[in-house]
Amino acid sequence: MCGINGIVRLTADAPPVSREELLKTRDAMASRGPDGSGLWTSADCGVGIGHRRLAIIDLSEGGAQPMTSADGRYVIVYNGEIYNYRELRSDLEREGIACRSQSDTEVLLALFARHGADMLPKLRGMYAFAVWDEKERSLFLARDPYGIKPLYYSADGGVFRFASQVKALQAGRRLSGKIDPAGVVGFLLWGSVPEPLTLFPEIRALPAGKWAEVRNGRFAVHAWERVEPLGVAGDRRSPTVAGALEDSVRAHLVSDVPVGIFLSAGLDSALLLALACRHLPRPPTTFTLTFDEFRGTAVDEGPGAAEVANQFGAPHVEWCVTRAAFDDLWPDAVNAMDQPTIDGLNVYLISHFAREAGLKVVLSGLGGDEVFGSYPSFADVPRWHRWVSRGVGFPGVNPLWSRLGPMMAARWPKAAGLLRYGTTIAGTYFLRRGLYLPEELTGVVDPEIARDGLAAYDPVADAARVLFTGDDDWTSVHFLESRLYMRNQLLRDADWASMAHSLELRVPFVDIPLRVAAAAAHFEPARSHGKVAVAREAAPELPERTLGRFKSGFMIPGWKPPRPTASPQAWGLQSRARALEVLKHFGVPVLSAPPVR
């Protein structure tokens, strides 16, 4: 796990690559790679690439980057983990290709030299990497299909730049820092900036599942991920979902350093612990956060997590965060955000404590709700859509709702948009998951920013693009949650919040083979029904209380309602205040920003 960056001169009249800029950009990502750093520049100073290393696999200098191929043609910088690198290495050796190190980086480099972009479907893992080809004078970049690892770029003024963080590109001090209205609007509509947007017009995210090439002064993006609707019948030879889940956990344990687990009292992380114990010589250390305010309440993670850890004999570490400690860490957390977000503080807090305990790698249950359909949205979105679709046809409904909607705004601000957005699955999802309605934005940010941003970004059109014609409702919500909420918020938050503490966070539920196996299972839309069935098969030794416990996850006092019965509307009201406070931190003026802590 690392931080990568680079600069390529696109035109002959562009200035030579600045070593100073390369170093500033690279070292702005020091927390992503405290174990080492490297820099490579071409002889003509037309290309430079940098690397910060967090050593996880092959801790020797053999895994150092930038890494150059034996013939000197290719140079790679890479951020991520390839979990099947040993199998891929064996394939290369059978073809007569010898590797000099034990690192997955060298396997990536050898695969690219042999197959080019065709190597991408062979990879199982999380990654963002760049390869410079000295012979062809071209740069290749790629990002994993889920977008677990970030990669940002800028092509401006005859120069192409890339890095693992938006703030790293800004640290090079060659970009203007001008705010992009579309990025501001996207954040206010969703609570995270939707890719490929960022808060700055000069910087864009390489979309998940895409590869790009810089050649002859031009930059082009290409799709490589093969995506099929989940509703299609699966291969009858495919493994069971329980078997696929255990295989994913086994793969995600590949490491030359100890692996821990973030353990809540919920089912997803408990499953990870149960399955990990089968493939490790001793139970992994588990980590749980608790809060004074939650003691004795239904959302206190402590007792349930301790019970599960004890069940498997895992060394268990629990941190109780006081209000004073929470307030002390809050400024650091906001400063660590690479892009504005309304979430991620939970991962930031527990990552802080896990790194203090000496861990460099942890597993997280992130993604379980998306693959098993256990979010309330899997039932809510189709139900709301049916209600609205039936209701809009009745005479008088529209004028009646135009009067009732504003009356309900104090409890549910998005009520006024129900008839406008609820006639499609994409629109209903935006209503369910979104933060603000477009028509509300002129009341919270500069009206010109709101108007320009809305002219450039349409949230419902963005949601609709991830759907397939003919998908059933469950599958549609799966894609919406996986390709919008999980990708733009959960995975991005997990990356910045863990890497701020030099901690690698792995997500076994976010795995292509597991997704394929789950596709044929057709889990019931009812909350957690399918997940519990898989858990009983995969880990029957789990405590019954864990199987039946309501979903809560890591909750933060003052950031999420402490009552398990709190409505999504209540969550939304607090999230709005949080969004404005965060946006102010990023230098965007807001018209009002009530405190959230």
Side-chain angles (χ1 to χ4, degrees), residues 31 191 260-266 268-270 272-273 284-310 314-338 340-366 489-490 492-505 546 549-564 566 570-571 574-575 577-579 581-582 585 595-597:
S31 69
I261 295 179
F262 285 166
L263 185 65
S264 72
D268 294 335
S269 57
L272 296 184
L273 175 58
T285 301
T286 56
F287 302 88
T288 300
L289 282 180
T290 61
F291 300 90
D292 284 340
E293 292 91 332
F294 291 167
R295 290 295 188 190
T297 71
V299 294
D300 182 5
E301 298 285 339
E307 178 185 12
V308 174
N310 183 64
H316 184 57
V317 184
E318 178 183 307
W319 289 279
C320 181
V321 179
T322 65
R323 190 70 200 191
F326 177 85
D327 289 340
D328 286 344
L329 287 169
W330 158 254
D332 292 338
V334 179
N335 286 329
M337 287 181 185
D338 193 43
T341 175
I342 60 171
D343 211 340
L345 185 59
N346 51 353
V347 181
Y348 182 87
L349 290 172
I350 197 168
S351 296
H352 169 81
F353 294 118
R355 195 64 171 104
E356 279 195 343
L359 266 287
K360 294 175 74 173
V361 180
V362 293
L363 305 186
S364 165
L366 189 161
Q489 186 148 3
L490 297 183
R492 188 184 302 156
D493 287 345
D495 178 79
W496 71 259
S498 60
M499 293 305 289
H501 302 289
S502 307
L503 183 74
E504 176 176 297
L505 188 149
T546 300
R549 192 177 189 273
F550 76 90
K551 175 179 174 54
S552 62
F554 287 121
M555 302 184 76
I556 303 293
W559 274 58
K560 293 178 180 177
R563 294 178 294 106
W571 287 50
Q574 190 174 58
S575 296
R578 185 188 319 158
E581 184 171 347
V582 169
H585 174 82
V596 299
R597 291 175 288 116

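The analysis underlying the following values was restricted to heavy atoms, covering all of them including side chains, and did not include hydrogens, waters or symmetry mates.
- Closest non-hydrogen pair, P315 versus P284, comes out as CD-O, 3.6 Å.
- Looking at R355, its side chain never comes within 3.5 Å of a backbone N or O of L503 through a donor-acceptor pair.
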Please report the C-alpha distance between I342 and V582 in whole Å, then the side-chain angles of each, then the deciding distance to 0.1 Å, and finally whether the side-chain contact (heavy atoms from CB on, under 4.5 Å) criterion is met. CA-CA 7 Å; I342 60 171; V582 169; over 6 Å; no
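- The shortest non-hydrogen separation linking G344 to A497 is O-CB, 3.7 Å.
- Looking only at distances, a side-chain donor or acceptor of S269 sits under 3.5 Å from a matching main-chain atom of S264.
- For N310 (side chain) and A306 (main-chain N/O), no donor-acceptor pair under 3.5 Å exists by modelled atom type.
- Once rounded to the nearest 0.5 Å, the distance linking CG of L363 with CD of E504 reads 9.5 Å.
- Atoms NE2 and OG, from H501 and S31 in turn, are 8.5 Å apart once rounded to the nearest 0.5 Å.
- The shortest non-hydrogen separation linking G260 to L359 is N-CD1, 3.5 Å.
- Taking every heavy atom of both residues into account, S351 and V347 meet most closely at OG-O, 2.7 Å.
- Nearest approach of F353 to V321, heavy atoms of both residues: CE1-CG2, 3.8 Å.
- Counting only heavy atoms from C-beta outward, the side chains of E301 and L289 never approach each other to under 4.5 Å.
- Nearest approach of T546 to A270, heavy atoms of both residues: CG2-CB, 3.7 Å.
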Any chance you could lay out the side-chain contact (heavy atoms from CB on, under 4.5 Å) test for L349 and W319, step after step, and finish with the verdict? CA-CA 10 Å; L349 290 172; W319 289 279; over 6 Å; no
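- Here the straight-line distance linking atom CZ of F287 with atom OG of S364 works out to 13.0 Å at 0.5 Å rounding.
- Considering only residues two or more places apart in sequence or on other chains, A309 meets the side chain to side chain contact (heavy atoms under 4.5 Å, CB included) condition with L263, T286, A314, H316.
- Residues passing the salt bridge (Lys or Arg N to Asp or Glu O under 4.0 Å) test with E356: none are found, sequence neighbours excluded.
- Considering only heavy atoms from C-beta on, F262 stays 4.5 Å or farther from N346 through its side chain.
- Among residue pairs with one or both ends in residues 492-502, those qualifying as salt bridge (Lys or Arg N to Asp or Glu O under 4.0 Å) are R32-D495, K149-D495; sequence neighbours excluded.
- A distance of 13.0 Å separates CG of L273 from CG of D268, quoted to the nearest 0.5 Å.
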